[in-house]
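Presented below is the structure to which this report refers.
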There are 2 protein chains.
Amino acid sequence: MARFKRTIYLHMKTLEEARAVWKEAVGECRTAVERIPTDEALGRVTAEPVTARLSVPHYHGAAMDGFAVKASDTFGASDVRPLRLEVGRRAFPVDTGDPMPEGTDAVVMIEHAEKVDDSTIEIRQAAFPWQHVRKVGEDIVAGELLLPQQHRLRPADLGAMLAAGVPDVPVYSLPRVWIQPTGTELVPAREAARAQPGQIVEFNGTVIASLVRENGGVPMLQDVVPDDYESLLDAVRRAAACPAHVIVLNAGSSAGSEDYTVSLLKELGTLLVHGVAMMPGKPVLLGLIGSKPFIGLPGYPVSAIMAFEQFVRPLLHWMQGLPDPADPTVEAVLGRKMPSKLGLEEFVRVILGRVQGRLVAMPLQRGAGVITSLTRADALLRIPQDVEGINEGEPVRVRLLRSEDALEHTLIMIGSHDNTVDVLASELKSRDARLHLSSSNVGSLGGLLAVRRGQAHFAGSHLLDPETGQYNRRYVERYLKGTPVRLVRLTRRRQGFLVAPGNPKKIRGIEDLFRDDVRFVNRQAGSGTRILLDYELERAGRTPDGIIGYDWEEYTHMAVAVNVLSGTADCGMAIYAAAKALGLDFIPVCEECYDLIIPEACWDDPKIRLLLEVIRSDRFRQRVEALGGYDPSESGTVAGVWDGTTWRESRVVSRES
Amino acid sequence: MARFKRTIYLHMKTLEEARAVWKEAVGECRTAVERIPTDEALGRVTAEPVTARLSVPHYHGAAMDGFAVKASDTFGASDVRPLRLEVGRRAFPVDTGDPMPEGTDAVVMIEHAEKVDDSTIEIRQAAFPWQHVRKVGEDIVAGELLLPQQHRLRPADLGAMLAAGVPDVPVYSLPRVWIQPTGTELVPAREAARAQPGQIVEFNGTVIASLVRENGGVPMLQDVVPDDYESLLDAVRRAAACPAHVIVLNAGSSAGSEDYTVSLLKELGTLLVHGVAMMPGKPVLLGLIGSKPFIGLPGYPVSAIMAFEQFVRPLLHWMQGLPDPADPTVEAVLGRKMPSKLGLEEFVRVILGRVQGRLVAMPLQRGAGVITSLTRADALLRIPQDVEGINEGEPVRVRLLRSEDALEHTLIMIGSHDNTVDVLASELKSRDARLHLSSSNVGSLGGLLAVRRGQAHFAGSHLLDPETGQYNRRYVERYLKGTPVRLVRLTRRRQGFLVAPGNPKKIRGIEDLFRDDVRFVNRQAGSGTRILLDYELERAGRTPDGIIGYDWEEYTHMAVAVNVLSGTADCGMAIYAAAKALGLDFIPVCEECYDLIIPEACWDDPKIRLLLEVIRSDRFRQRVEALGGYDPSESGTVAGVWDGTTWRESRVVSRES
């Protein structure tokens, strides 16, 4: 029986308040100082200023191969009055690094010394004092500050310390983080394939451990404990007693786990913050167990990562005496209106690329459970809590998740998704490792609109015009007036009926949908697949009357497939990939065209040229063919050249251009 | 006997040529592909595209706590027409993550369900289909591309793979780099204190190993081998036979080592490049031993690091299928004219900070042996080979060695150096870990000129006016007309005579310099210390006549100290720190003032406020006192307020303001 009351965030804090409370409580926490060998100190943070014990160089040495001389002996030497010096008495052969013989203060380079005989050289230019000599302390003087405290050591720093006679260095210990995943419903990742409905694959532990590692900490990842109070209490007691510096509990998503955590914080320590007005990440808990910082991270992966970034990451920096981490940001133009709840700080994952000169940020899915919204994101957009939303076209400052340079090599694709786009991404990357394809899946029409607004390098679309049986052209005419584009066929793909393995109901085509023993599951009105089904019905001279389940609408290919797999439907229409993903049988019904719509303004972009090269390659077609369900024979042909007003048919169906 | 001919770079290449040759020869080298557990793959690079094996979620699940219902059952529910549902028949209690009971397609949140009795709930709002339901494949669909090949794995990537049933992942092996230091003159770093003149402390090996580690490689650091052909040949043969992917030889600086390397490359493999027109880093050697890339790095540490960056670093990226590393750059204004040799690509280490709104880059020392030019640098300025130099004030693009954010927290100090500035830097950092003091030591006058040109947040100066006995004021009047500044006393410091330990010649003051048995060593004319000595002589009513060695000029405090230590002089004048560094005795002669000159335009900068707070703190004065040789009793007093035309004396010697 579900509880009738939810955990109430009585004292929910704004993100700013929560961060202030946290900094006040644990901002001065430092790990112990340890002295380690200098040559093992890369990336560690100095706990004290480092001063030189020796001078570098520690002797006056020759900086060139040649002859050490006393500069004043050479005054007056010139081309017209060459000067001879006796080797061994007034000129001493030296190699780079040799100590300067007593009484000498300059080196004449070997190129500038002419050999007269074995014991005499001649020079034609005076040496000035200390010429080509590395003097004592020229680099480092004993006693001087080499490096400040709270400094993260880089390779050259280690070199300077070793040179200056500093064989070991006091640094902060690496912060150790106890990571405790909890949840009765969790199954280990290695058993993912056996997970039952209601069971969730445990992977947050690995993600959190990796985040700890990235931020200079040492993760102590524990086995999952079930979501009951005694188990949690026992786990946190062990964490408190062990040498970990920080305790992270990753709450189960089941009811009660949050309440348990609140209770145990109250029992064993201090509760500082319960709930933060941020999204994702709201259910975060902050507290102290004794003097150890404690963080309860939410169960949804994106929430857990966002809360980690706000609270655990700075803590790991503070513990080593480092300032708050600062992340690079850039200014971009928002590609789609983003409403946002007042009073909630929102972190939106966006893709980001330079399209026609402007950096465009296009929001990805918002769900806190959608981890691919992070793996696919190029940047994070933070919508402050006092903002109700941001309009399309407004400038926004986003935090980069990739390097700024990488943005220049990012292709932005918006529209309908198809698995061949994955192949495209992979082939592009293997031709130019810098190239990255970022895509936002908002459906075919959304892609056309993005092209119209100059927000994408290209769109992916498969819109059938039932009147002509043609793909995309009618929609280009309607939505891209004044925007010249070219249609490039990416592939033809098969749509068909998904049926249980072995096709127990022996479904063979459209006619079978009208049988009494066949329950159909449909796609929602307006979807490309629904348009296609209705088109095929019409071509067969039929109306939908008599199809059981025609009114039962699902919103994705996969949802259709799942209904067939679970047996709630006998048949549904979808692409081959959905059948393949769930191991269903596939009965081809028809083929549709999936085209790329490339704005004329991007046509000469070298990234687009490479894209076309890839699409037209044999390798691409072979890989697409191997996916099953595709016919790439027309891949790369230009299916239409639209000048903004009319089609220029001459260019149609050319594989070159 | 020195050779009379230097190694000749018969085929020396430009940096661009050398990089092209290198990329052509080794750009396609890849390490072997290995399959490793996903949870250990952080930071590794995928060798193949990764596709999902399972869909995520793998079942339709509740996304909220509440009641699972069939949406169509709820249509019509409203405030005026509440709807009752029987629990267990038309409404099923679910917690977040629970699988959706068969026939249900929406979740009513617990907050929106009113309990009527134990078996009935009432709702006042219709549910729409799939409301608060996480559908199968909403995040990931089995078979779709999760990550492209040649992708460096981040924490969220590992999570996505584990969730999608990918327990292991094919990645490129980490490139192993054999690092062979060579040089007969090298002593291990742990024996640095015992190094004799002519011996050089080995630390390049550690620096190179750290650079390898930073770039994702595994260093195999070897013991030093002497600079003879047989030893080198043997070492390289062993490297070629072992599982290392790359061989790096760090040449000794002694004569011949470079020739040896050329010969052994010709004997065992292929010589590709001998010498590159870059500085530092010219004597780099590139080749192949069998199919293994071989790099001979120069002996000077800065040269070795620069050559590493140009040739080893990209190689380590290529070997894992990654593109060339791209480093963040910013545009700055060059603070000092930099002449540069035509035909030579020069890398100048600069300090960098934002002064009065402009990013200013100020060059540090150029010597390839000066490793502190790298540890102290904020950025690198690359002067192309076809440029003869860059004028002061010209815009330049520099490569950041610190984060862009860090620049906003950098204080730029230009002028004379003093050890108390080190204390200042350290105290600033302990008050605000973000704060960084970058200093360029160009002498007192250089500091004044930098302030005039708006290139420094403040200058350090100790210029005595012999006519008035005052410090700095006369020079401000002369050089800072129209530039309002304030003089803030940093400290008084003692100058005195350096003598051998135990003061064997019993030197007590100025009068002793005139003794026949005392050999003096002087500082160069124009230096602050020389002005000070002459001033003291005048005050004592003496002329320099009769001081043995008065004409013997050295250019630094340390050079004076070294002459005293080695016994070539009995006495010299310098600051206490120089005596302390070399363990000499110190006889105080007089005190001088070391002031900070702070432009009025920077006076209200929060960084300068903090600087003043530090200077005026007891802790700073205690630390300065502990150095010895300083009198910080006036530290922080304002010794003058200059409005660009006149002194406003009212403000003088105030510790506040």
Side-chain angles (χ1 to χ4, degrees), chain A residues 1-2 4 6 39 42 49 59 65 93 95-99 110 115 136-137 139 141-143 145 148 150 155-160 162-163 165 167 189-190 192-193 197-198 201 203 206-207 210-211 253-255 301 323 326 370-372 374-375 405 422 425-426 429 433-434 558-559 562 581, chain B residues 1-2 4 6 39 42 49 59 65 93 95-99 110 115 135-137 139 141-143 145 148 150 155-160 162-163 165 167 189-190 192-193 197-198 201 203 206-207 210-211 253-255 301 323 326 370-372 374-375 405 422 425-426 429 433-434 558 562 581:
Chain A
M1 185 70 200
F4 275 66
R6 286 180 60 77
D39 54 6
L42 180 68
Y59 61 95
D65 297 349
D95 287 332
T96 304
D98 284 349
I110 192 94
K115 185 179 176 173
V136 167
D139 188 356
V141 175
L145 179 80
Q150 291 158 261
D157 298 328
L158 305 189
L162 292 176
R190 61 184 174 281
V201 177
F203 59 84
T206 296
V207 173
S210 304
L211 286 167
S253 60
S254 74
V370 180
I371 193 165
T372 51
L374 264 176
T375 60
D405 175 75
D422 296 346
S426 153
K429 190 130 197 148
R434 294 170 308 174
M558 276 302 283
V562 167
Chain B
M1 186 70 200
F4 275 67
R6 286 181 60 78
D39 55 7
L42 181 67
Y59 61 95
D65 296 348
D95 286 332
T96 304
D98 284 349
I110 192 96
K115 184 179 177 175
K135 286 180 289 183
V136 168
D139 189 355
V141 175
L145 179 79
Q150 290 158 266
D157 298 327
L158 306 190
L162 291 176
R190 61 185 174 280
V201 177
F203 59 83
T206 297
V207 173
S210 304
L211 287 167
S253 61
S254 76
V370 180
I371 192 165
T372 51
L374 264 177
T375 60
D405 176 74
D422 295 348
S426 151
K429 191 131 198 150
R434 295 170 307 175
M558 276 302 282
V562 167

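Using a 4.5 Å cut-off between heavy atoms, B:P99 touches chain A through backbone and side chain atoms alike. If you measure heavy-atom distances from B:K135 to chain A, the contacts under 4.5 Å come from the side chain alone. Proximity to chain A is limited to the side chain of B:L42, based on heavy atoms less than 4.5 angstrom apart. Contacts between B:V562 and chain A at a heavy-atom distance below 4.5 Å involve the side chain alone, from C-beta outward. Residue contact with chain B, scored on non-hydrogen atoms closer than 4.5 Å, involves the side chain of A:P148 exclusively. Only the side chain of B:P49 comes within less than 4.5 Å of a heavy atom of chain A; its backbone N, CA, C and O stay farther away. For chain A, the nearby part of B:Y59 is the side chain; its heavy atoms alone come within less than 4.5 Å. The part of B:V201 that comes within reach of chain A is its side chain, from C-beta onward, which places non-hydrogen atoms under 4.5 angstrom from that chain. If you measure heavy-atom distances from B:D405 to chain A, the contacts under 4.5 Å come from the side chain alone.
Highest contact tally toward chain B, considering only A:A326, A:A142, A:A160, A:G198, is held by A:G198 [criterion: heavy-atom pairs under 4.5 Å]. Ranked by heavy-atom pairs shorter than 4.5 Å toward chain B, the options A:G137, A:A192, A:A156 are led by A:A156. For the options B:P155, B:G143, B:P301, heavy-atom pairs under 4.5 Å to chain A are most numerous at B:P155. Across B:L374, B:T375, B:L211, the residue that shares the most heavy-atom pairs under 4.5 angstrom with chain A is B:T375.
Atom-to-atom distance recorded for A:D65:CG and A:I110:CD1 is 7.0 Å, nearest 0.5 angstrom.
Within the 4.5 Å cutoff, the side chain of B:L158 has no heavy atoms near those of the B:D39 side chain.
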